[in-house]
Amino acid sequence: MRRLERQDLSALERGARFLGSGGAGDPGLARLLVHHLWPDGATVDIVPGDELPRDVTVIATGLIGSVTAFAERPAAGDEFTRAFDRLRRHLDPTGPVYVATYEAAGLNALIPALIALQTGLPIADVDCMGRGLSWMDQTTYASAGVPICPFTLSTPNGHSFIVEQTPSAEAERYIRALAFEMGGWAAFAGYPTDTPTSLQHGIPGSLERCLEIGRTASLDELLEHPSLGARLIGSGRVTEVRWAFPGGYPRLTAIVQQSSTAVPPLRIEASNEFLLVVEAGTIVAEVPEIICLVELASGTPIVAERVVRGMEVGVVTLPAPDRWLAPDIAASVSAARFGVTTGGGTRAA
Amino acid sequence: MRPDSLLNLLGSLGLGPDNAVAGTEHLGRAVEHVRLHRDGRLAVGSIAGSALVFTEPPDVGLDLHLNEFRAAGAVALFLQCEPSEVLASTRWLADRLSLPIIVCPGADPLDLAFRLKRAVSDIAVEIGTSCAAVSSQLHGKPCDPDRAVSILRGALGIETAVVGADGIILAGAPSIGRLALPEQPHARIDVDADGRRVFVPVSASSSLEVAPDCWLVADLGVTTRARAETVRAALQLVSTALTAWIAVNRLEARQDAHLKASVLMEVLTEADTLSPLLLERALSLGWSLSGWHIPVCLRTTQPLDGSTTDAQTPRVAAALRAADSQFEIVRSGTGWLAWTSQRSEPTPTEMDAMVAAIRRTVDSLGHRLVAGVGSARRGARGFADGLLEAQALAGAAGWTAGRKVVEDARTSPPRRLVLQATRGADVAAFSEQLLRPVLTADEALLETLETYLAMESSKAETARALHTHRNTIVKRLDRISALLGLDLDDPEVRLALEIALRADTSVRRATP
């Protein structure tokens, strides 16, 4: 078990930025919120997957909807805990309940710490995304048929909803519609699982990985880390940025011009997250691999919506969570799932 | 026909090297086929030697398949997008693969593919379609030069010129008209580094010994051979309509001019016994022989052939009608007879104004024209007498000293006598013979003689008029006397010299 202290929030935030892969929202806002609500001397327990008691019910939590709306419409601070408690009361399990995040990346990596502080419950280090992803049906649980219901949604102004029964594939539509009507974002609690289910179909160790990444002080330290598997594809200046909106979804194409014209420019495709890196007509990185654009001056990963011309960046990848490499579920997080057609293009060996 | 290069193909579509955003050094490749790439799929068939036309804007898929296209032998890619939409990664790779990417902003990709295919492989269809477009504008009728240029611009999208004799541009782009015309009267296509030019002769005569009436010229720039052949076929079609126009206008002009001259001669000779038939003919030409007529005769003092004088008739008519819109003009002899008619007798002021207007007209026309203005006369008899008088006065008019460019019938009788005495070929020949020793000597001698006679033999006045010393004048007069072998103190000699100096000789130095 690991004990999380307030001073660990910076590392958690930094790691969450990398695992966000250009999306999942700005964890800095969540860190400010959690830091503000963190009582002096308090600690939070993070329980690794292999240490979870067998009778635990794990409830996945997080923000759903627009992270931009979250920045504009501040949280009250208790809506995530209210959503969690509402679901816990509904389930009324006989055994202990642990809190988890559904997405150990971006903003959502810090939400379970908030709930753990307010409830005194431990955090189970198992999520169902392992990296930033766009939709609630892009979870390892959904791919395995683990039901999302019942789930609850709560708003800063005290409204709450409980959805008792709907297929996971349909839930994404309902969640989007409700989040919109609820002011753009809402606190979510759902995917109630027992320990065997969460270990079998979830992604254990995501928060530990997030902290491990976040403790590297610089890009070089990240690349030199013996076990994180970080890889530098190239670096240079962002020279072209084009946004399109096919089917209403944002699509970013950015060109990173490397050191000389003899070296091919890197072409980055993104939606909410970075999806594809192409060099000289060859795919050199592809989702679910975690692709990051790291601002060289600060060593900080950039979210896709903030990529602008003139930035000096390094294009870095981290290995995809193993769960997403399984052939039966890989398609749900492929580039095609995001509308990027590669047409069977050549991939680097 | 051998496949044409990508560069020539671009020219035929109104595109150029600036439309290439990558692979610009390889525009000389031959294009054999055209293939459509739609909805992410290539049209069926090999793409070796092909230009690929894409219906979708470029995306990451293009980068991912460029290697494949080049390996399969594609020659170029055509994209319907703005140049900025082809990103650096695509351009870099296309340059490395030597694969030109051509952007056609705003183009309909299906239409582009169709036009490319036609330019590459369907030359007969291209020629037929283009000629049909031209023919539909001609409507099977004669066509003037301005309309010919306009039709070719509208149907084929090309600029042309109709060039007449001496390179005079009858219609169209001046820059095209300055191209050197072929020596032989045959249609031809010239090719050089600047592109292709098409020349088609236009001639109303079937004889090859006769130079074409004009040329139809098109400067196509860099384009395909097929395009040049298409344009030549279209120009030959238009040249037929131009030929018809020339023939019709020439016939009408000749008929009209001959008729007028014929009727006028009859009127002038038969004014006393004007027959109803002749009057009817005159009336059919719009001539009213009643009322008052102001007759004018213009003639050229430079030797011009009949066809050149004919060609000046529209200019003369326009100039006279600018002075008085009612002028009627008929070609006659070495010039023109003209008149304006009105119901009441012209006042002296009106006559002064008319003479002044004729003088301005003569000045504006050049060719050293002179004119005679007859007295205002009335009726058919007055019409004829006035024109004959104007003709005589025009004969007395001239550019030499002592003559007027416009002789007015109101001139005094003594002047008329002098004019009569200095007219005629005999007088001119004898005068030239008499004055030859002075004409071939120092110019100052001729000037001195003319001034001395004008100053009524006063040496002092002559010196004052020429701003020189009296002794100089005396010496010059002595020299003149010696050259001519004549005594300048003899009044008869001085009269003879005055007549000689006023005679109209072509070899003399003329003063206005």
Side-chain angles (χ1 to χ4, degrees), chain A residues 233-234 236-247 249-271 274-287 291 307 309-310 315 334-336 338-348, chain B residues 20-26 35-44 47 52-77 79-101 103 105 109:
Chain A
I233 294 177
R237 174 169 296 183
V238 177
T239 55
E240 292 175 87
V241 174
R242 294 189 66 84
W243 282 97
F245 296 89
Y249 287 101
R251 172 74 56 77
L252 165 72
T253 303
I255 300 295
V256 175
Q257 194 69 50
Q258 300 197 71
S259 56
S260 81
T261 54
V263 180
L266 297 176
R267 179 177 185 136
I268 310 344
E269 299 287 327
S271 184
F274 297 117
L275 304 174
L276 207 63
V277 181
V278 176
E279 182 179 32
T282 300
I283 298 171
V284 294
E286 185 178 5
V287 65
I291 301 168
V307 174
R309 286 176 56 193
V315 182
S334 66
F338 292 91
V340 178
T341 307
T342 59
T346 305
R347 284 159 177 76
Chain B
V21 296
T24 54
E25 295 175 1
H26 304 280
R35 294 276 184 262
L36 197 63
H37 188 280
R38 180 164 48 184
D39 300 330
R41 299 188 304 276
L42 272 173
V44 174
I47 64 172
L52 306 183
V53 180
F54 286 69
T55 60
E56 306 88 18
D59 62 9
V60 66
L62 181 60
D63 279 33
L64 297 176
H65 292 287
L66 276 178
N67 282 290
E68 183 184 325
F69 292 146
R70 190 68 190 105
V75 172
L77 309 183
L79 305 178
Q80 182 273 113
C81 68
E82 296 293 330
S84 60
E85 293 181 64
V86 182
L87 302 184
S89 60
T90 314
R91 296 175 192 232
W92 186 94
L93 186 56
D95 279 336
R96 293 298 181 286
L97 295 173
S98 306
L99 184 58
I101 294 180
V103 294

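Chain naming here is simple, since letters A, B, ... match the order of the sequence lines and numbering starts at 1 in each.
- Considering CD of B/Glu85 and CD of A/Glu240, their distance stands at 11.5 Å, rounded to 0.5 Å.
- Pairing each heavy atom of A/Ala280 with each of B/Asn67, the nearest pair is O-ND2, 3.6 Å.
- Side-chain contact check for A/Thr253 versus B/Val60: every heavy-atom pair is 4.5 Å or farther apart.
- Note: A/Leu276 CG to B/Leu64 CG = 6.5 Å, rounded to the nearest 0.5 Å.
- From A/Arg242, atom CZ reaches atom OG of B/Ser84 across 5.0 Å, with rounding to the nearest 0.5 Å.
- Only the side chain of A/Gln257 has a heavy atom closer than 4.5 Å to any heavy atom of chain B.
- Both the backbone and the side chain of B/Leu87 come within less than 4.5 Å of a heavy atom of chain A.
- Of the two parts of B/Arg96, only the side chain, counted from C-beta on, holds a non-hydrogen atom closer than 4.5 Å to a non-hydrogen atom of chain A.
- Heavy-atom pairs under 4.5 Å with chain B were tallied for A/Leu266, A/Thr261, A/Val256; the largest tally goes to A/Thr261.
- Between the side chain of B/Trp92 and the main chain of A/Pro265, no donor-acceptor pair closer than 3.5 Å is present.
- Distance check: A/Arg267 CZ to B/Thr90 OG1 gives 4.5 Å after rounding to the nearest 0.5 Å.
- For A/Val263, the part lying under 4.5 angstrom from a heavy atom of chain B is the backbone only.
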